[in-house]
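To start, the structure under review is shown below, and the notes come after it.
All values below were derived from every heavy atom in this structure, side-chain atoms included, with hydrogens, water molecules and symmetry-related copies excluded. Labels below follow one simple rule: chain letters A, B, ... track the order of the sequence lines, proteins then strands, and each chain is numbered from 1.
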Number of protein chains: 2
Amino acid sequence: MEKDFGSMAALIGDPVRANILWTLLDGRAYTASELAIGVDTSAQNLSMHLGKLIKAGLLSVEIQGRHRYYTFSRPEVAYAVESLAGLLPARPATTTASADLPIRNCRTCYDHLAGRVGVELTESLVRQKLITRSANDFVVSKKGNRWFGQMGIDCEALRQQRRGFARACLDWTERRPHLAGSLGAALLQKMLDEHWLRRMANTRAVLVTPKGQKMLSELFR
Amino acid sequence: MEKDFGSMAALIGDPVRANILWTLLDGRAYTASELAIGVDTSAQNLSMHLGKLIKAGLLSVEIQGRHRYYTFSRPEVAYAVESLAGLLPARPATTTASADLPIRNCRTCYDHLAGRVGVELTESLVRQKLITRSANDFVVSKKGNRWFGQMGIDCEALRQQRRGFARACLDWTERRPHLAGSLGAALLQKMLDEHWLRRMANTRAVLVTPKGQKMLSELFR
DNA sequence: GGAATAGTTCAGCGCAGAATGAACTATAAA
DNA sequence: TTTATAGTTCATTCTGCGCTGAACTATTCC
């Protein structure tokens, strides 16, 4: 028994696997490549780790076409992850220095915008009554549909996709939700295409360009 | 945050450290040399591992003469260890032999009662509407307050403690929750004091005395 | 059909981190 | 005082396991 416990602990104790579990904590199903982006490792390596987690019965897969969606096999896994996170020492009074780190300020969460900028953008959309919160999703108003249309984003098309259309994703730095789902992804893509934002290498941090600064303050404040 | 979680998981994920935590799960304080024997490794190596667990705040030491007694620094650590154990694959066709092992039947989890007896006792309390489940805690009803009072347990005093009052701790053999927290600890202590239960040496198993059999079946069925 | 995308498997490399041995401090007994 | 026990620290060795690159299968799209 203690042997079993040791191997279970070792299983969770790898940085990559821990990050996978941490990512899955939002309850959504992720494909292998999404996870590879999220935990920032190669596809092969991730595949190996997923295999171990599957074999141990922590995760389950659902195969859909050429995609494989990974989730927790049962809620107990999420509870255990949370109880582990609960052991972390209480955050030592976030310093102004670390509060200004780019990664806290403006970053991507999988394929949409997160961090302070992501949250404030989302809240601006709500204030302008372009979207409204509904449980774990956002609902786009008629006014919002037009607005996104003018941005070159076709909400109807996005709604057809399998994945969530306009999810509310809880931000771990801001502790407030930001716009996710296919709509959030499309919005980020648009802002990257228009060179309002630029991805930084080897990190999820995102840079706001001068042009972006102008456009964002115009559209969202 | 994910980094912190990863390092916490890695901390627990070493075989020796996992065994240390597993050993300490009985709530007793162990000296370094006792642990070295228990987890079967050298003294120096163990000392190194204990140092890491201490630095991470999972364990605390009390120095008495030339001995150093190690324990969990707080009950949450024990809960997390149990929840990890709960992830172990369902035992393949539990033989009648292993199902009857004392350790499965009646044991302590850190400082409260677990195993089949612990779970059934908890479920009896729920049936009698003395407590009700609420997320990861139990709520004690007015009737329950009186009941615990008659047992000589002062719920109000227990509520003042820093630690959780009536936690629901998931049992790794029964896969159902049992009563933990300061209330669970007080109840176990009471049953030990009244000689309904007796701790067995060098194990987490607990013996139900004849007197205990009588009282338990009276109170809980 | 061919090309692109999604994902896995396998062999070999590399390194973080665990284990070891020796030296050290400190308490307790004789 | 000397000896034994309890425990830690440090420098060094060693090894398990994660990571990479290459090759592979499977599905979708054109």
Side-chain angles (χ1 to χ4, degrees), chain A residues 2-3 6-24 28-56 58-71 110-111 157 160-163 182 185 189 202, chain B residues 2-3 5-24 28-56 58-71:
Chain A
E2 46 260 56
K3 193 76 182 299
S7 54
M8 174 57 65
L11 189 75
I12 296 180
D14 173 81
V16 170
R17 288 194 291 268
N19 275 331
I20 291 173
L21 296 174
W22 187 252
T23 303
L24 290 174
R28 285 154 64 180
Y30 285 82
T31 64
S33 34
E34 285 172 351
L35 285 172
I37 296 171
V39 309
D40 190 34
T41 188
S42 67
Q44 324 90 284
N45 192 30
L46 193 101
S47 183
M48 181 264 293
H49 288 299
L50 286 175
K52 295 194 176 187
L53 290 169
I54 290 282
K55 199 164 76 179
L58 297 192
L59 302 188
S60 55
V61 217
E62 199 185 332
I63 299 182
Q64 266 163 30
R66 60 180 166 179
H67 294 276
R68 300 195 176 193
Y69 286 92
Y70 291 88
T71 38
Y110 173 42
D111 63 1
Q160 305 310 317
Q161 294 185 216
R162 264 197 63 84
R163 60 183 294 201
S182 59
Q189 195 52 55
N202 300 323
Chain B
E2 46 260 58
K3 193 75 181 300
F5 174 74
S7 55
M8 173 58 66
L11 188 75
I12 296 180
D14 173 82
V16 169
R17 288 194 290 268
N19 275 331
I20 292 172
L21 296 175
W22 188 252
T23 303
L24 290 173
R28 284 193 286 232
Y30 285 82
T31 64
S33 34
E34 283 171 352
L35 286 172
I37 296 170
V39 309
D40 190 33
T41 188
S42 68
Q44 325 90 287
N45 194 28
L46 192 100
S47 183
M48 181 266 293
H49 287 299
L50 285 175
K52 295 195 176 188
L53 291 169
I54 290 283
K55 200 164 75 178
L58 296 191
L59 302 187
S60 54
V61 217
E62 200 185 332
I63 300 182
Q64 265 164 33
R66 58 180 168 179
H67 293 278
R68 301 195 174 192
Y69 286 92
Y70 290 88
T71 40

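Position along DNA chain C of the nearest nucleotide to Pro15(B) versus Ser47(A) favours Ser47(A) as the more 5'-ward residue. In this structure, Leu50(A) and Arg66(A) both approach DNA chain C, and ranking their closest nucleotides by distance from the 5' end singles out Arg66(A).
In this structure, the CG atom of Asn19(A) is 14 Å from the C1' atom of dG18(D), given to the nearest Å. Between the C1' atom of dT20(C) and the CG atom of Asp40(B) lies a distance of 15 Å, rounded to the nearest Å. Between the CG atom of Asp14(A) and the P atom of dA16(C) there is a distance of 14 Å, rounded to whole Å. In this structure, His67(B) atom NE2 and dA4(D) atom P are separated by 17 Å, rounded to whole Å. For Tyr70(A) and dG7(C), the OH to C1' distance is 7 Å, given to the nearest whole Å. Protein atom CD1 of Ile12(B) is 18 Å distant from nucleotide atom C1' of dA18(C), rounded to whole Å. Taking atom CG of residue Leu46(B) and atom P of nucleotide dT5(D), one finds them 19 Å apart after rounding to whole Å. Regarding Arg17(B), its CZ atom lies at a distance of 12 Å from the C1' atom of dA16(C), rounded to whole Å.
Checking the phosphate oxygens (OP1, OP2) of dA19(C), a side-chain nitrogen or oxygen of His49(B) falls inside 4.0 Å. Note on Ser33(B): every side-chain N or O is 4.0 Å or more away from OP1 and OP2 of dT5(D). Contact annotation: Ser42(A) side-chain N/O to dG21(D) OP1/OP2 distance is not under 4.0 Å. Under 4.0 angstrom from either OP1 or OP2 of dA18(C) there lies at least one side-chain N or O belonging to Lys52(B).
Of all nucleotides listed (dT20(D), dA18(C), dA6(D)), dT20(D) comes nearest to the side chain of Asn45(A). Closest to the Ala32(B) side chain, of the nucleotides dG7(D), dA18(C), dG7(C), is dG7(D). For Met48(B), whose side chain is taken as the heavy atoms from C-beta onward, the closest listed nucleotide among dG18(D), dA6(C), dA19(C) is dA19(C).
Not a single donor-acceptor pair under 3.5 Å links the side chain of Ser47(B) to the backbone N or O of Ala43(B).
Results of the side chain to side chain contact (heavy atoms under 4.5 Å, CB included) test with Tyr30(B) over Ile20(B), Val39(B), Ile37(B), Leu24(B) single out Leu24(B) as the only residue that passes.
Here the CG atom belonging to Leu50(B) is positioned 11.5 Å from the CG atom belonging to Leu58(B), to the nearest 0.5 angstrom. The distance from the CZ atom of Phe5(B) to the CD1 atom of Ile12(A) is 7.0 Å, given to the nearest 0.5 Å.
Closest of all the heavy-atom pairs between Ala9(B) and Ala18(A) is CB-CB, 4.0 Å.
Residue-to-nucleotide contacts include a donor-acceptor pair under 3.5 Å from the side chain of Gln44(B) to the base of dG21(C).
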